[in-house]
Amino acid sequence: MELSKNYIPAIVEEKWYKHWLSKDYFKSLPTGQAGEPDNRPVFTVVVPPPNVTGVLHMGHTLNETVQDILVRKARMSGFNACWVPGSDHASIATEAKVVDMLKKEKGIDKKDLSREKFLKYAFEWKEKYGGIIYNQIERLGCSVDWSRVNFTMDDHYYKAVIKVFVDLYNKGLIYRGARMINWDPAAKTALSDEEVEYKEVTGKLYYIKYKIAGNGQNSTTDFITIATQRPETIMGDTAVCANPNDGRYTQLKGEKVIVPLINKEVPVIFDDYVDKDFGTGILKITPAHDINDYNIGLKHNLPVVDTLNEDGTISEAAQIYISEDRFIARKKIVEELREKGLLVKEEEYTTRLGYSQRTNVVAEPKISTQWFVKMKELAQPALEAVTSGKINIHPRDKFSATYKYWLENVKDWCISRQLWWGQQIPAWYDEDGKFVVAESEEKAKEIFNKQYSTNNIQLKQDEDVLDTWFSSWLWPIEVFNGITDPGNKDINYYYPTSVLVTGQDIIFFWVARMIMAGMEYMNEKPFSDVYFTGMVRDKQGRKMSKQLGNSPDLLHLIHEYGADAVRFGIMISSPAGNDLLFDEGSLEQGKYFNNKLWNAMKLLKMWEEKQLAKGNGQLAITNNQFAIEWFENRLNEVRIEVDILMKQFRLSEALKTIYSLIWDDFCSWFLEWIKPEYGHSIDKEIYNSAVSFFDDVLQLLHPFMPFITEEIYHLLKERNDDLIIKQFSAVNQPEKKILQIGNKLKELITSIRDARNKHHVKPKDTIKLFIETDDEKSYQPIKDILSKQVNVENIHFSSQPKTSSITIVVGKEKIYIETNIEVDVTAQKEKLLKDLDYLKTFLNTIDRKLRNDRFVQNAKAEVIELERKKKSDAEAKIRVIEQSLSSLN
RNA sequence: GGGAGCAUAGCUCAGUUGGUUUAGAGCAUCUGCCUUACAAGCAGAGGGUCCGCGGUUCGAACCCGUGUGCUCCCACCA
């Protein structure tokens, strides 16, 4: 077969994804009627469902890649791997996009549509865009179980959400009430506190004159000046307020002031809340449009005048500027105040404004009747799950402090949204506004009749839908039907899931609430580990966004570099928990790595054609047997290392380790060692070992780069199995001695090259070598390898007690090759004294460590054992050095 | 205002109980090589007061204190 010069990903990727699907490798075991799961341990991951609104961005790509790596590794380690895909209906975000689309593409206004019609359009949208996301997940190579796709508006899921709402209501954990909430004037809906993002903006502070009513007998002036950022809310003022200890204003006690423009009299009140030193020390109280004012209003029993409509225009209650947009009204009001001489001054001022996360407009604090979840009770078990260590947060517990703080200070959750796209709140009202909560209209009627002793009354369902997170928080449970069919086989088997991989930005929205729901409905954590990935930013550290155009298109990247290279690139530079600055350079590195693998495969294929029976013909100038032993041990060493790293979720380090094993150890050393001389063929047995090692490194790499590894696995030889399901065998402990010799060899060869350069020895000059050792046999491979590297005239072994140093003589000069472990007695006295000094201080430390109470208490027994061993080694070396010194003297 | 984190080569980052590191990798730069798997490669080179200062220690990139700079989260100062 003719192999292409370079690796071409496109065809390969499509071929293998289809093949894996056709073999049902991604399918977790069925647990329905037919099959009980076998006795393999289970590894469950539920995908953080992306919003159906768009396409996968780089943050998703990172998440999905991390999950796929963990899932594939688990699958190859004997687990029944179950990775559940799906998407989120993303209530407000999707509704906003559908409304937008309808207007732009069809010229339809939402208000001209019935709820049913609108939902039809929304579902059409979901079909179209949900497909795009699923396609991207496929192209990335994610081994998700497509038979388990869930969508948060699926029928069963919808029922689950309603069931949970009713249940929490009946438990008294959901209530309806008028509270100050955050209002999105663009989407015309309530928001939860978490959906408001605060941004620093420069605004203006306007100083406005309020006349004192009546004669102002007690006052020395006839007006006061009040600073505000929001002059358009003065029509909603119901008081002005000063600090009771502020001498400037105490005289105003009992007075009234006149709100400008509308000439309304409001009282002067006093409250400790007011900061004497800010602004003019007196502020206007607008209970309808500010949370602080609202609280003061409650305390002082002030009326509430809501001067804003749902869309952010001025309401009739304001009396003036009715129907003007709030920001236009602000300008006009300032103008009018200025004309009337009531504007004292304007000041530049930076403040933080709350923006709706989805529509990006300034959110308005607004008093509104909404549905809320009481959070305190639910938070307690969720807090305990993390503090007790039942759930581990990675990396390194970085976010557990944030998590704890939020839960300890959690406020009630506003869950109703004035939207259509979502689960409609299962509350039914009569004409008077009396209501009941039930899972269906029939049940509602039943309860209503019983409760209010009525008969056959018409009820109307609440128009609002639930916050999208009120459905997502059930995700790890309901994807296994754990709410709608509690105790079914799937939920019992797959729950709790193994690990949740997600962005740190949704720790409150989703992670904390999932833990609450898990504890409430399963009495069990939803996952054992949480791994937070960082934000993906562009090279300049900016957030990826459409407006900036710095968010690359995933499919385009895959087209350009190949899916494996994209996965490699995003993982290799992915510091755990820190933000990742996306750089296409690392994707390029991945592409080069693909090619390296491809060429190594080509080399083996070349050898395959002309290999010889054992011992037949290959020039026996290299000790291939040692190369094989060494690489085998090196491989084991790396496998152990990688296992540890992956258990600690240090995936980028694991990938780096594998990369270096393949590039440096396998390609640059192993394949070069066993490479036959030009024109000769390779020994069959050695060839087979090489193929078998290649299999092993491919297996290690497969979770990270699934496509090319599977392709090469099959090109290397005919197989009946596939790499994706090849099970890792038990790892043998590597032999330290062999690894040491291997390292020493590398060191030697490098030194010889250096020596050549430094002493201007040409490659073909003769180099004399003296190797002094107490273990001639183990250095035989060094001799063999060296003879390949240099034209050796003489390699001399000498056995001396207590020595294991190596001396290489190049020309007339001696070069000492030292290692830190072994003692080189041919060195100079100064060096020996230095070594002695070092060892003695080293011993001191160990003694101190062993004596240190805290250390002993915390350390495991084996660590102490290790310290003792270090100590006795050091002592032995000291004796050697001291003997040598005395012999030098 | 409260909390968390970060600061190591031109860039992105490793460096996990302080000791085989006179600080490593990849990219970028420079110098040789189209050498019979691989120029998407190979062989080399240059480049670092490990943010400043102080402390603990025989020994600090690592621990402690402090200063500076940056990022993020939370919070009701008009």
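Computed from a prediction, not measured in an experiment: that's the story for all the values here. Proteins come first, then strands; the chains are lettered A, B, ... in the order of their sequence lines, and each starts at number 1. Worth knowing before you read on, the calculation uses all heavy atoms, side chains too, and leaves out hydrogens, waters and symmetry mates.
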Could you give the [atom1]-to-[atom2] distance, from [X] to [N], as a whole number of Å?
X	N	atom1	atom2	answer
A/D275	B/G1	CG	P	13 Å
A/L298	B/C76	CG	P	15 Å
A/K404	B/C74	NZ	C1'	16 Å
A/W598	B/C38	CH2	P	14 Å
A/I507	B/G3	CD1	C1'	13 Å
A/Q229	B/C77	CD	C1'	10 Å
A/I282	B/A78	CD1	C1'	11 Å
A/I644	B/U17	CD1	C1'	15 Å

Opposite nucleotide pairing with [N], Watson-Crick or G-U, both atom distances under 3.5 Å:
N	answer
B/G65	B/C53
B/G10	B/C27
B/G41	B/C33
B/U21	none
B/C70	B/G5
B/A75	none

* Asked: Is the shortest distance from a Lys or Arg side-chain nitrogen in A/K591 or A/E588 to a carboxylate oxygen in the other one below 4.0 Å?
  -> no
* To do: Flag the pair A/E364 and A/R230 as a salt bridge only when some basic side-chain nitrogen lies within less than 4.0 angstrom of an acidic carboxylate oxygen.
  => yes
* Stepwise ring-ring contact (aromatic ring centres under 6.0 Å, His included) check, A/Y687 with A/F694 -> CA-CA 11 Å; A/Y687 171 78; A/F694 208 160; over 10 Å; no
* For ring-ring contact (aromatic ring centres under 6.0 Å, His included), just list the numbers for A/F693 and A/F666, CA-CA rounded to whole Å, side-chain angles, deciding distance to a tenth of an Å, and then say yes or no. => CA-CA 8 Å; A/F693 287 147; A/F666 185 68; 7.4 Å; no
What nucleotide, of [options], holds the atom closest to the side chain of [X]?
X	options	answer
A/R352	B/C76, B/C38, B/A75	B/A75
A/K656	B/C73, B/G15, B/C13	B/C13
A/N595	B/C42, B/C38, B/A78	B/C38

For nucleotides 28-32 of chain B, print each protein N/O atom paired with a nucleotide N/O atom at under 3.5 Å, atom names and distance only.
none

* Asked: Using a distance-only test with no angle check, is there a side-chain donor-acceptor pair under 3.5 angstrom linking A/S668 and A/D664?
  ->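 Note: A/S668 and A/D664 side chains miss the donor-acceptor criterion.
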* Asked: Given B/A78, is OP1 or OP2 found less than 4.0 Å from the side-chain N or O atoms of A/T351?
  ->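 Result: yes.
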* Determine: side-chain N/O of A/Y349 to OP1/OP2 of B/A78, distance under 4.0 Å, yes or no. => yes
* Would you confirm whether A/D290, through its side chain, and A/T286, through its main-chain N or O, come within 3.5 Å as a donor-acceptor pair? => no
* Taking A/H289 for its side chain and A/K366 for its backbone only, find out whether a donor-acceptor pair lies under 3.5 Å. =>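 Pair absent, no side-chain N/O of A/H289 close to backbone of A/K366.
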* Is there a ring-ring contact (aromatic ring centres under 6.0 Å, His included) between A/H394 and A/F649 once you walk through the steps? -> CA-CA 8 Å; A/H394 305 274; A/F649 298 97; 4.4 Å; yes
* Which residue, A/N6 or A/D290, contacts RNA chain B at a nucleotide closer to its 5' end, judged by nearest heavy atom? ->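 The residue closer to the strand's 5' end, by nearest nucleotide, is A/N6.
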* Taking for each residue the nucleotide of RNA chain B bearing the nearest heavy atom, is the 5' side occupied by A/D193 or by A/L205? -> A/D193
Could you tell me how far [M] sits from [N] if I compare only their [atom1] atoms? Round to whole Å.
N	M	atom1	value
B/G52	B/A45	C1'	32 Å
B/G55	B/A9	C1'	29 Å
B/C51	B/U71	C1'	16 Å
B/C62	B/A14	C1'	14 Å
B/A4	B/U12	C1'	23 Å
B/G46	B/C30	P	16 Å
B/C64	B/A23	C1'	22 Å
B/G1	B/A75	C1'	7 Å

Would you classify [X] as touching base, sugar-phosphate or nothing, given that sugar-phosphate means primed atoms plus P, OP1 and OP2, and contacts are heavy atoms under 4.0 Å?
X	answer
A/K5	sugar-phosphate
A/R230	nothing
A/Y294	nothing
A/Y405	sugar-phosphate

* Output, in order, the C-alpha distance, side-chain angles, deciding distance and verdict of ring-ring contact (aromatic ring centres under 6.0 Å, His included) for A/F568 and A/F704. => CA-CA 7 Å; A/F568 178 95; A/F704 295 88; 8.8 Å; no
* Asked: What do you reckon, are the aromatic ring centroids of A/W406 and A/F508 less than 6.0 Å apart?
  ->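 Yes: the rings meet the under 6.0 Å criterion.
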* To do: Take A/M58 and A/L62 through the test side chain to side chain contact (heavy atoms under 4.5 Å, CB included) and record every step on the way to the result.
  => CA-CA 6 Å; A/M58 294 319 289; A/L62 173 60; over 6 Å; no
Which atoms of nucleotides 33-37 of chain B (N or O only) lie under 3.5 Å from a protein N or O atom, and what are those distances?
unit_1 : atom_1 : unit_2 : atom_2 : d
B/A37  : O2'    : A/N599 : OD1    : 2.9
B/A37  : N6     : A/E672 : OE2    : 3.1
B/A37  : N3     : A/N599 : O      : 3.0
B/A37  : N3     : A/A600 : N      : 3.3

* Taking all atoms of both residues into account, what is the closest heavy-atom pair of A/A379 and A/V410, and its distance? ->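 Result for this residue pair: CB-CG1, 3.9 Å.
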